[in-house]
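Before any comments, here is the structure.
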There are 4 protein chains.
Amino acid sequence: MKKKISKSTEERILDAAIKIFSKKGYSAATTSEIAREAKVAEGTIFRYFPKKKELLHGILLKAIDIFGKEIIIKPLEEIIEENKDKSLEEILKVIIINRVKIFEEYFDYIKVILCEIQFHDDIRQLFIDKILKKIIETVERLVDIAKDRGEIKDIESMIIIRSVIGMVFMMLIQRQFVPLETSISNIEEEIDLIIDIFMNGIKKKD
Amino acid sequence: MKKKISKSTEERILDAAIKIFSKKGYSAATTSEIAREAKVAEGTIFRYFPKKKELLHGILLKAIDIFGKEIIIKPLEEIIEENKDKSLEEILKVIIINRVKIFEEYFDYIKVILCEIQFHDDIRQLFIDKILKKIIETVERLVDIAKDRGEIKDIESMIIIRSVIGMVFMMLIQRQFVPLETSISNIEEEIDLIIDIFMNGIKKKD
Amino acid sequence: MKKKISKSTEERILDAAIKIFSKKGYSAATTSEIAREAKVAEGTIFRYFPKKKELLHGILLKAIDIFGKEIIIKPLEEIIEENKDKSLEEILKVIIINRVKIFEEYFDYIKVILCEIQFHDDIRQLFIDKILKKIIETVERLVDIAKDRGEIKDIESMIIIRSVIGMVFMMLIQRQFVPLETSISNIEEEIDLIIDIFMNGIKKKD
Amino acid sequence: MKKKISKSTEERILDAAIKIFSKKGYSAATTSEIAREAKVAEGTIFRYFPKKKELLHGILLKAIDIFGKEIIIKPLEEIIEENKDKSLEEILKVIIINRVKIFEEYFDYIKVILCEIQFHDDIRQLFIDKILKKIIETVERLVDIAKDRGEIKDIESMIIIRSVIGMVFMMLIQRQFVPLETSISNIEEEIDLIIDIFMNGIKKKD
DNA sequence: CATGAATGAGCCTTCATTCAT
DNA sequence: TATGAATGAAGGCTCATTCAT
């Protein structure tokens with residue numbers, strides 16, 4: 001029975017920071033705007049985050065927490081376990097739908113992090129070590145399971161992972177930035193199509 | 001025998017701006033650093049680009065020029081024409097290799113633009129109208145040709161395009177940011193694999 | 001027993017601004033010099049006056065306050081009341097001496113405002129509405145009283161007002177800018193002469 | 001037989017400078033705007049006036065020329081000569097009307113000079129020596145003539161001069177800046193009233 | 001002699017950071 | 001602990017001035 005405690009000051013600041021960073025970018029965001037958004041005095045921010053950059057670290061740490069612990073490891077293993085008898089397509093669909101939901105929920109985190117890893121070496125390293133590698137490891141296990149089942153070709157796992165992530169990522173990006181009109185009404189249908197392409201290719205068989 | 005004329009001041013400034021923007025991000029970049037890089041006085045920048053933001057516009061305009069005129073339209077049609085008799089896989093490979101080269105050559109432009117379209121509505125609109133739509137239109141024609149030839153399944157073109165772009169894009173991103181060790185030595189081999197997945201899927205056929 | 005509280009930061013900045021503006025003019029004055037004069041950091045100025053121009057507004061607002069509330073309305077009525085039985089000349093003298101004192105005390109305000117109303121429409125409008133019209137209204141009442149008493153000719157009030165103000169104004173200007181040697185030692189004597197000219201003209205009666 | 005030669009470059013620059021200075025003030029005016037107004041290149045200005053401030057000097061010199069030679073000395077003497085037999089009022093009226101015309105024609109010069117003498121010692125000194133003293137000397141002669149004729153009271157000439165100048169000046173200022181509605185339709189009528197006040201005072205005689 | 005591109009000092013302004021309350 | 005006034009370094013931008021053409 002989780003009691004909803006009113007957010008701590010630190011949390012409020014971090015939430016505000018994510019919001020502003022994702023809207024303006026890290027550099028263009030100002031601590032004063034973050035303070036206003038968090039409804040604290042500007043000085044208060046610096047009690048918790050003595051340098052502006054530590055807000056970015058704070059965000060990444062929170063992202064590591066969310067993506068790492070709560071999302072990637074546990075649920076993925078669970079999903080596979082719970083769907084042992086299902087086909088690879090079906091498992092993939094469950095996973096992708098789940099990931100997509102998370103992606104959209106934490107879209108602001110992703111935007112900020114993907115942008116800023118270009119400019120901050122420390123942030124990049126942390127991201128690679130604590131998030132990216134974890135994701136890859138986990139997906140790799142999934143691919144290996146599939147390979148063991150003898151269901152997929154013997155292609156370098158990295159390529160496979162990258163491919164499916166790329167396809168899904170592009171779908172998400174498009175949905176966020178360029179809501180071009182497709183005849184495909186809902187996201188589940190889109191995911192089905194992607195999985196179909198991914199699993200069976202686009203070539204017509206005779 | 002093209003003689004390399006010494007670059008105009010405006011070009012030098014724009015080149016410097018791209019370099020600095022891609023290294024630090026638009027907001028964190030300073031006009032004084034750009035001036036230093038371009039070897040001009042800071043004031044000179046403002047003769048050509050009265051506001052810092054116009055440097056960003058200048059970059060986008062140049063990107064539109066490069067991607068639009070020189071790369072997308074003409075060459076793609078040529079490639080298809082020249083490879084009429086080849087298989088779809090072969091044509092795709094030629095195209096992707098060509099695109100990848102361009103992508104890597106103008107990687108700084110892409111980084112800057114993709115980051116900043118999030119924060120500047122005008123930049124985003126220009127990008128969508130002048131680059132993205134053009135790319136999609138062109139690739140769509142390619143897909144339609146393939147569909148006409150009866151070589152690929154009847155899937156929504158947008159999904160197909162997005163998928164292949166996503167796969168290639170992820171490959172490029174990885175090569176740029178996370179040079180993880182793969183057993184795949186060169187890019188051509190990687191492209192072959194991507195095309196194979198894209199065309200034939202990853203499912204093993206019995 | 002009014003205790004002289006140490007001036008607020010805002011007051012110190014405004015006082016410094018008036019001083020520098022009156023010495024150099026608004027445009028030639030720099031915020032850094034004003035900051036130095038006010039003994040605050042340059043950034044502090046912008047906490048109170050986000051744009052340099054708002055310093056000018058601040059000055060005008062203060063002038064409106066001083067000239068409007070404290071000086072023009074109340075004291076003038078009082079003076080007239082208190083000197084009911086005196087001759088017009090005597091009343092005029094009391095008023096002019098009082099005005100002259102104020103004028104000299106706030107000479108910097110006047111210099112700045114009179115110069116800058118030429119260049120800033122908003123400042124001009126405020127000045128006309130809040131100061132000039134008030135002055136004219138008040139003096140007009142005085143003239144009307146004199147006319148009612150039957151002591152002065154029936155000349156358009158505006159002309160009368162303008163004339164006496166012009167005479168006094170010129171005297172003040174001269175005293176400030178061109179301290180030409182006059183045999184008239186003190187200002188009271190000068191005022192007497194002006195009043196004499198104003199009341200009786202310069203023509204010798206036979 | 002004055003031939004109207006097309007204005008020299010120097011003249012065009014000076015005319016442009018007066019125009020811009022009077023609109024924006026000396027400091028806020030830019031050499032580039034002056035160049036545009038004068039239809040010359042920015043560099044050209046500096047062939048004739050190596051420092052911006054020399055434009056101000058140039059303007060003052062031109063004003064000295066206009067006010068000094070052409071206007072004050074010669075015509076005033078002429079007017080007095082030609083109107084020997086007329087009354088002082090009539091002579092005064094002729095003079096004032098003439099002065100007013102000049103004042104309005106060269107209003108931009110006056111505005112610029114009166115503003116800037118506050119901030120530039122050299123300009124002020126020149127103005128006092130070459131214009132103000134000349135005006136005073138001349139008017140003084142006029143007053144002395146009147147005194148000799150026994151027509152006016154024996155008041156310090158300076159006071160007399162200042163008074164009439166102040167009255168006229170205020171009238172002009174008002175006409176320029178605050179065109180308040182007067183029942184007096186035309187300027188001649190106003191001048192008549194001013195002269196009347198000045199000569200006969202405002203007191204009703206019994 | 002005229003041009004206008006280039007300069008760079010210095011301006012107004014912002015904003016991360018400090019610190020007395 | 002929280003505040004917000006004060007700071008001052010640094011940024012974007014302007015503009016008088018120079019100089020090669």
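Below, chains carry the letters A, B, ... as their sequence lines are ordered, and counting in each starts from 1.
Nearer to the 5' terminus of DNA chain F, by closest-nucleotide assignment, is the contact made by B/P50 (compared with the other of B/P50 and D/G43). Mapping A/S32 and C/Y26 onto DNA chain E via the closest heavy atom, the residue that lands nearer the 5' end is C/Y26. If C/T9 and D/F49 are placed on DNA chain F by their nearest nucleotide, the residue sitting closer to the 5' end is C/T9. Residue B/I45 is the one, among B/I45 and A/K51, whose nearest nucleotide of DNA chain E lies closer to the 5' end (criterion: closest heavy atom).
The pair B/D108-B/K23 does not meet the salt-bridge criterion, since no charged nitrogen lies less than 4.0 angstrom from a carboxylate oxygen. Between B/K7 and B/D15 there is a salt bridge, since at least one side-chain N of the basic residue sits less than 4.0 Å from a carboxylate O of the acidic one. Ion pair C/E33/C/K24 flagged as a salt bridge, since at least one NZ, NE, NH1 or NH2 atom sits closer than 4.0 Å to an Asp/Glu carboxylate oxygen. Ion pairing between C/R124 and C/D121 holds under the 4.0 Å rule for side-chain N and carboxylate O.
Cation-pi geometry between C/K52 and C/Y26 is met: the NZ or CZ atom falls under 6.0 Å from the ring centre, inside 45° of the normal.
The nearest whole Å value for the distance from the CD atom in C/E42 to the P atom in E/dC12 is 7 Å. In this structure, CD of A/E33 is placed 18 Å from C1' of E/dT17, rounded to the nearest angstrom. Distance A/R36 CZ to F/dT3 P: 15 Å, rounded to the nearest Å. For B/I34 and F/dC13, the CD1 to P distance is 11 Å, given to the nearest whole Å. A straight line from CD of B/E54 to C1' of F/dG12 spans 13 Å, rounded to a whole angstrom. Between the P atom of F/dA16 and the CG atom of D/L55 lies a distance of 10 Å, rounded to the nearest Å. Atom CD1 in A/I13 sits about 12 Å away from atom P in F/dT1, given to the nearest Å. Rounded to an integer number of Å, the gap from B/I20 CD1 to F/dG11 C1' is 15 Å.
Contact annotation: D/R47 side-chain N/O to E/dC1 OP1/OP2 distance is not under 4.0 Å. Contact check, A/Y48 against F/dT1: no side-chain N or O comes under 4.0 Å of OP1 or OP2. A sub-4.0 Å separation between OP1 or OP2 of E/dG10 and a side-chain N or O of C/T30 is absent.
Nearest nucleotide to the A/K52 side chain, out of F/dT7, E/dA16, F/dG12: E/dA16. Minimum atom distance to the side chain of D/T31 is reached by F/dT17, of the listed F/dT17, E/dA6, E/dT13. Relative to the side chain of C/T44, the nucleotides E/dA2, F/dA6, E/dG8 differ in distance, and F/dA6 lies closest. Taking every side-chain heavy atom of B/F46 into account, F/dG12 is the closest of F/dG12, E/dT13, E/dA6.
Note on C/A29: only backbone sugar-phosphate atoms sit closer than 4.0 angstrom, heavy atoms only; bases stay farther off. Residue B/A28 is out of contact with every strand shown, counting any heavy-atom pair closer than 4.0 Å.
Atom-to-atom distance recorded for C/Y48:OH and C/S8:OG is 7.0 Å, nearest 0.5 angstrom.
Base pairing analysis places F/dA20 opposite E/dT3; the two distances defining the Watson-Crick or G-U wobble pair are each below 3.5 Å.
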